[in-house]
Amino acid sequence: MVSVNPFGDFRENCRDALRESITQLFPSISVESFLLDIPPNPEFGELASTICFELGRQMEKKPKKMAKQIVDIMEMDNFPLIKAVTVAGQGYVNFYANFTALSKTTIESIHSLDTTYGFVKTNKPKRIIVEHTSSNPMSPIHIGQARNPILGDSLARLLTARGHTVFRHFYIDDVGRQSAVAAYGYQKLGKPSPKEKPDHYIGLIYTLTSCLIEINRLKKETEKSIEGASETTQLMQRQLDEWLSIAAELEAKHPKLFNQLLEKTMKDKDKQTLVNNLNRAYEIGKEKARVLVREVCHLSLEGIRETLINAEIFFDSWDWESEFAWNSDVSKILNALKKTGYVYQEGPVLEFDANKVAEDFRLKEKLGMKDDYEIPSLTLVRSDGTTLYTTRDIPYTLWKFRIAEEVINVVGMEQKLSQQQLKLALWGLGYAEKAKNLTHFSYNLVTLPGYKMSSRKGRYISFDEVIEEAVKRAREEVETRSPQLPEAEKQKISKIVGIGALKYALVEVDPIKPVVFTWDRVINFERNSAPYIQYSHARACSILKKATKSKRLNFSLLVEPMERDLILTLARFPEVFINSADNLKPSAISDYANLLADKFNSFYNALSVIGAKPKALSNTRRALVEAVSIVIRNSLNLIGIKAPLRM
RNA sequence: GGGUCCGUAGCCUAGUUUGGAUAAGGCGCUGGCCUUCGGAGCCGGAGAGCGGGGGUUCAAAUCCCCUCGGACCCGCCA
């Protein structure tokens with residue numbers, strides 16, 4: 001019989017058995033949940049209940065005694081997956097699986113379900129938007145940001161496999177000031193056609209321009225405040241010094257373009273204002289500004305898209321922020337907000353009182369805030385009439401909710417406050433349900449040892465560079481290990497392995513924890529890495545190629561602890577998957593894949609498949625190996641990593 | 001100053017949502033394995049009692065309080 005969740009079936013057997021005994025013995029007691037834990041050691045069985053500790057307290061009896069009573073009356077015949085039940089310790093009830101039955105169900109189900117094994121469908125399918133990456137369109141994706149597409153893509157894969165309808169959206173933040181900065185520089189340089197990958201080229205222009213503007217601004221401001229002793233002046237002086245040293249770095253690295261830009265912008269005494277004007281013109285949709293900024297965006301996005309495709313990360317929709325500004329969605333929302341009473345004017349500036357919303361709807365506790373915490377207000381409109389990122393995010397979010405019932409934003413944790421303010425704006429506007437269905441999937445920074453990466457300051461390692469290096473190193477490995485492979489396949493494998501290593505390194509760590517980037521960390525080919533798991537898969541495939549398939553199987557022959565451990569791990573995959581998808585935890589999958597590879601390698605090393613006697617054992621082990629290969633492949637798939645047949 | 005998050009062997013991490021039986025891996029260190037199907041491998045050893053203190057509980061790395069250290073936020077940036 002095919003089971004979508006073999007270990008889950010065993011769990012249900014145990015739960016039912018437990019429930020029957022308990023209701024029979026203690027009909028007066030109502031037990032809500034019969035949670036079963038995986039014991040720390042196989043000698044305690046495959047599942048264990050601690051319910052007698054709880055019952056013992058309620059009924060003032062010894063847990064061990066109750067456990068004995070419960071076990072004594074248990075009718076085992078109704079539960080084919082349970083082999084035995086015992087009492088252990090101070091009152092644990094331990095269940096032992098009937099391995100012949102469990103092995104058969106597990107292996108047969110995996111063979112039969114194949115590419116869908118493990119992917120248990122939810123009974124509440126939803127339409128979900130996963131918005132991710134959404135990086136600054138004016139520079140290449142750097143490795144600090146790369147955690148975002150990798151996590152976002154895994155989430156989308158997990159939720160799709162869970163049976164949801166998922167839409168992957170890239171929000172192009174083209175209205176921000178950074179677009180105006182890059183566009184200004186691009187125009188001054190005479191709209192040059194990129195000499196390299198376009199996002200890298202535009203990114204360089206952005207960094208150089210941004211640097212010149214900052215220096216220009218800071219110089220003017222420090223000159224203005226002549227009495228140079230005040231604290232703010234000192235701060236400005238320090239900032240100026242930092243930007244001057246950045247300028248020196250940039251000039252040394254890109255002398256030609258730097259000096260060209262310097263020369264071309266020399267005459268602009270107030271660059272800051274020019275950029276602000278361009279920003280405003282673009283936001284209100286002035287023709288010239290539209291043409292210019294879009295041109296730069298398109299160039300850069302072409303490069304960004306190339307990077308993502310190279311990493312096999314795809315989107316269903318590319319949403320232009322400017323569309324929401326131009327089609328008056330933003331102004332409609334502003335008007336609606338004004339009517340709520342949660343908005344107040346400070347001169348020309350419009351502020352949103354997030355704190356008041358939280359108090360009126362009693363949301364602070366739900367948002368994990370202390371009662372007396374004063375949520376900062378959110379500026380909606382600048383004094384020059386332009387809006388801010390979060391302001392524009394409100395209509396965008398509502399637009400997403402027209403497509404989907406649930407929205408997950410993969411956004412760095414440094415934006416936590418603004419994501420909360422966004423949520424509160426939805427509450428204030430009367431969209432409580434939407435606010436509840438908006439999730440900020442937050443993740444921590446990837447830093448370079450000692451400092452943060454910054455596009456604006458030009459201090460970053462691009463995603464492209466890291467991919468290139470990873471593939472290059474993988475290529476060297478393939479060359480030494482499998483020199484006989486044809487060139488085309490070597491290339492293909494190097495890419496799968498290199499990118500796999502990279503993705504794995506960034507998925508593996510809990511997103512809430514920071515990662516310090518080092519080359520050896522993200523391009524690791526040893527144990528606990530994608531290549532290690534891929535290698536295990538290739539080994540399994542190698543056996544499958546050599547051993548002929550047979551239908552004459554006998555699952556009762558799989559008695560070795562290593563075989564059982566392996567089968568148990570395979571049987572648990574669906575539960576791991578459900579937990580990972582429902583709790584948005586891709587790292588649970590990378591963990592699992594690694595665990596499975598570990599178990600397989602131990603098995604591989606200790607027991608032979610092809611030469612095993614009798615023949616039925618060999619056949620059955622082969623079936624087990626095939627199941628392993630399927631589950632490794634399925635699990636890696638969820639985190640966007642491919643499993644090569646050989647490497 | 002206010003807020004959020006993190007703190008597990010020399011280093012990197014899992015486990016914390018849902019409290020349970022000797023705290024799990026990897027790197028590094030170290031002793032073995034030409035044993036057949038791929039050594040990107042396998043088997044073993046040393047190494048932490050979970051930042052510190054208190055509390056709740058039959059039971060705490062997990063929950064609560066205090067405290068120390070680090071990161072991030074508190075922008076008319078995104």
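Letters A, B, ... mirror the listed sequences (proteins, then strands); counts begin at 1.
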* Would you tell me if any nitrogen or oxygen in the side chain of A/K585 comes within less than 4.0 Å of OP1 or OP2 on B/G15? => yes
* When we call it a touch if two heavy atoms are under 4.0 Å apart, what does A/V478 touch: a base, just sugar-phosphate, or nothing? -> base
* In whole angstrom, what separates A/Y592's OH from B/G25's P? -> 17 Å
* If you look at every strand shown and take non-hydrogen atoms under 4.0 Å, does A/V625 touch a base, only sugar-phosphate, or nothing? -> nothing
* Spacing of the C1' atoms in B/G70 and B/C64 (rounded, Å) -> 23 Å
* Structure fact -> Residues passing the salt bridge (Lys or Arg N to Asp or Glu O under 4.0 Å) test with A/R280, sequence neighbours excluded, are A/D384
Taking only nitrogen or oxygen atoms into account, show me every contact under 3.5 Å that the protein makes with nucleotides 44-52 of chain B, one pair per line with its distance.
none

* Mind checking what makes ring pair (Phe, Tyr, Trp, His ring centres under 6.0 Å) contact with A/Y184, not counting sequence neighbours? -> none
* What is the nucleic acid contact for A/P40, judged by heavy atoms within less than 4.0 Å: base, sugar-phosphate only, or nothing? -> base
* Asked: Rounding to a whole Å, what distance do you find between A/N279:CG and B/C77:P?
  -> 9 Å
* Asked: Can a donor-acceptor pair under 3.5 Å be found between the side-chain atoms of A/N94 and the base atoms of B/A21?
  -> yes
* Any chance you could measure A/I304, atom CD1, to A/D199, atom CG, to the nearest 0.5 Å? => 5.5 Å
* **salt bridge (Lys or Arg N to Asp or Glu O under 4.0 Å) against A/K370, all qualifying residues, sequence neighbours excluded** => none
* Asked: Closest to the A/R527 side chain: B/G26, B/U17, B/A14?
  -> B/G26
* To do: Look at all strands and tell whether A/S418 reaches a base, only sugar-phosphate, or nothing, counting heavy atoms closer than 4.0 Å.
  => base
* Do any pairs count as a side chain to side chain donor-acceptor pair (under 3.5 Å) and have a residue in residues 597-614 of chain A, sequence neighbours left out, and if so which ones? -> A/R527-A/D598, A/Y532-A/D598, A/Y532-A/N601, A/S536-A/N601, A/R539-A/N601, A/D565-A/K599
* Structure fact -> Sorted by chain and residue number, the salt bridge (Lys or Arg N to Asp or Glu O under 4.0 Å) partners of A/K492 (sequence neighbours excluded) come out as none
* Applying a 3.5 Å limit to both distances, which nucleotide forms a Watson-Crick or G-U wobble pair with B/G19? -> none
Please list, pair by pair, any protein nitrogen or oxygen found under 3.5 Å from a nitrogen or oxygen in nucleotides 55-61 of chain B.
none

* Structure fact -> Sorted by chain and residue number, the ring pair (Phe, Tyr, Trp, His ring centres under 6.0 Å) partners of A/H142 (sequence neighbours excluded) come out as A/Y460
Atom pairs under 3.5 Å, N or O on each side, protein against nucleotides 29-38 of chain B: can you list them with distances?
unit_1 : atom_1 : unit_2 : atom_2 : d
B/C37  : O3'    : A/K546 : NZ     : 3.1
B/C37  : O2     : A/I610 : N      : 3.1
B/C37  : N3     : A/V609 : N      : 2.9
B/C37  : N4     : A/Y604 : O      : 2.8
B/C37  : N4     : A/L607 : O      : 2.1
B/G38  : OP1    : A/Y604 : OH     : 3.1
B/G38  : OP2    : A/S542 : OG     : 2.9
B/G38  : OP2    : A/K546 : NZ     : 2.1
B/G38  : O2'    : A/Y535 : OH     : 2.2
B/G38  : O2'    : A/R539 : NE     : 3.3
B/G38  : N7     : A/S542 : OG     : 3.4
B/G38  : O6     : A/M647 : N      : 3.3
B/G38  : N1     : A/M647 : O      : 2.9
B/G38  : N2     : A/M647 : O      : 3.0

* To do: Check every atom of B/G41, B/G25, B/C76 against the side chain of A/Y532 and return the nucleotide holding the closest atom.
  => B/G41
* So does A/E477 pair up with A/R473, basic N to acidic O under 4.0 Å? -> no
* Per A/N594 side chain, nearest of listed nucleotides B/G25, B/A14, B/A21 -> B/G25
* Asked: When every nucleotide of nucleotides 2-12 of chain B is labelled 5' to 3' by its protein contacts under 4.0 Å (heavy atoms), B for base, S for sugar-phosphate only, - for none, what sequence of letters results?
  -> -SSSSS----S
* Structure fact -> Rounded to whole Å, CD of A/Q272 lies from P of B/C76 at a distance of 14 Å
* Asked: What integer distance in Å separates A/F352:CZ from B/G75:C1'?
  -> 17 Å
* Structure fact -> Answer for the Watson-Crick or wobble partner of B/C5, both distances under 3.5 Å, is B/G70
* To do: Using the P atoms only, state how far B/C43 lies from B/A24, rounded to an integer number of Å.
  => 16 Å
* To do: For B/A46 versus B/A23, give the span between their P atoms, rounded off to a whole number of Å.
  => 14 Å
* Asked: Partner of B/C29 by Watson-Crick or G-U wobble geometry, both contacts under 3.5 Å, or none?
  -> B/G45
* Across the strands shown, which category fits A/A48 at heavy-atom distances under 4.0 angstrom: base, sugar-phosphate, nothing? -> base
* Quickly, which of A/K549, A/R621, A/R633, A/K545 forms a salt bridge (charged side-chain N to carboxylate O under 4.0 Å, His left out) with A/E626? Name it, please. => A/K549
* Asked: Quick one, which residues of residues 575-582 of chain A touch RNA chain B with a heavy atom under 4.0 Å?
  -> A/N579
* Structure fact -> Exactly one candidate in A/W320, A/Y389, A/F324 meets ring pair (Phe, Tyr, Trp, His ring centres under 6.0 Å) with A/Y396; the answer is A/F324
* To do: For A/R392, answer base if it contacts any base atom (sugar-phosphate contacts may also be present), sugar-phosphate if it contacts only those atoms, and nothing otherwise; contact means non-hydrogen atoms under 4.0 Å.
  => sugar-phosphate
* To do: Could you classify B/G49 for me, syn or anti, using a glycosidic angle within 90° of 0 as syn?
  => syn
* A/E489 and A/K495 ion-paired at < 4.0 Å -> no
* For residues A/L544 and A/R622, report the shortest heavy-atom separation together with the two atoms involved. => O-NH2, 3.3 Å
* N/O donor-acceptor pair, side chain A/D37 with base B/U18, under 3.5 angstrom -> no
* Reckon A/Q415 touches a base, only the sugar-phosphate, or nothing at all at heavy-atom distances under 4.0 Å? -> base
* To do: May I ask you to say what A/K62 touches in the nucleic acid, namely base, sugar-phosphate or nothing, with a heavy-atom cut-off under 4.0 Å?
  => nothing
* With both distances kept under 3.5 Å, what pairs with B/C77, Watson-Crick or G-U wobble? -> none
* Short N-O contact, A/E214 and A/R217, less than 4.0 angstrom -> yes
* Asked: Which part of the nucleic acid does A/N41 contact within heavy-atom distance under 4.0 Å: base, sugar-phosphate only, or nothing?
  -> base
* Parallel, tilted or perpendicular: ring planes of A/F577 versus A/F573, cut at 30 and 60 degrees -> tilted
* **Nearest-Å distance once atom P is located in both B/C12 and B/G53** => 22 Å
* Asked: Please give, in whole Å, the distance from B/C42 C1' to A/E526 CD?
  -> 15 Å
* Which residues within residues 379-387 of chain A lie with some heavy atom under 4.0 Å of an atom in RNA chain B? -> A/T379, A/R382, A/S383
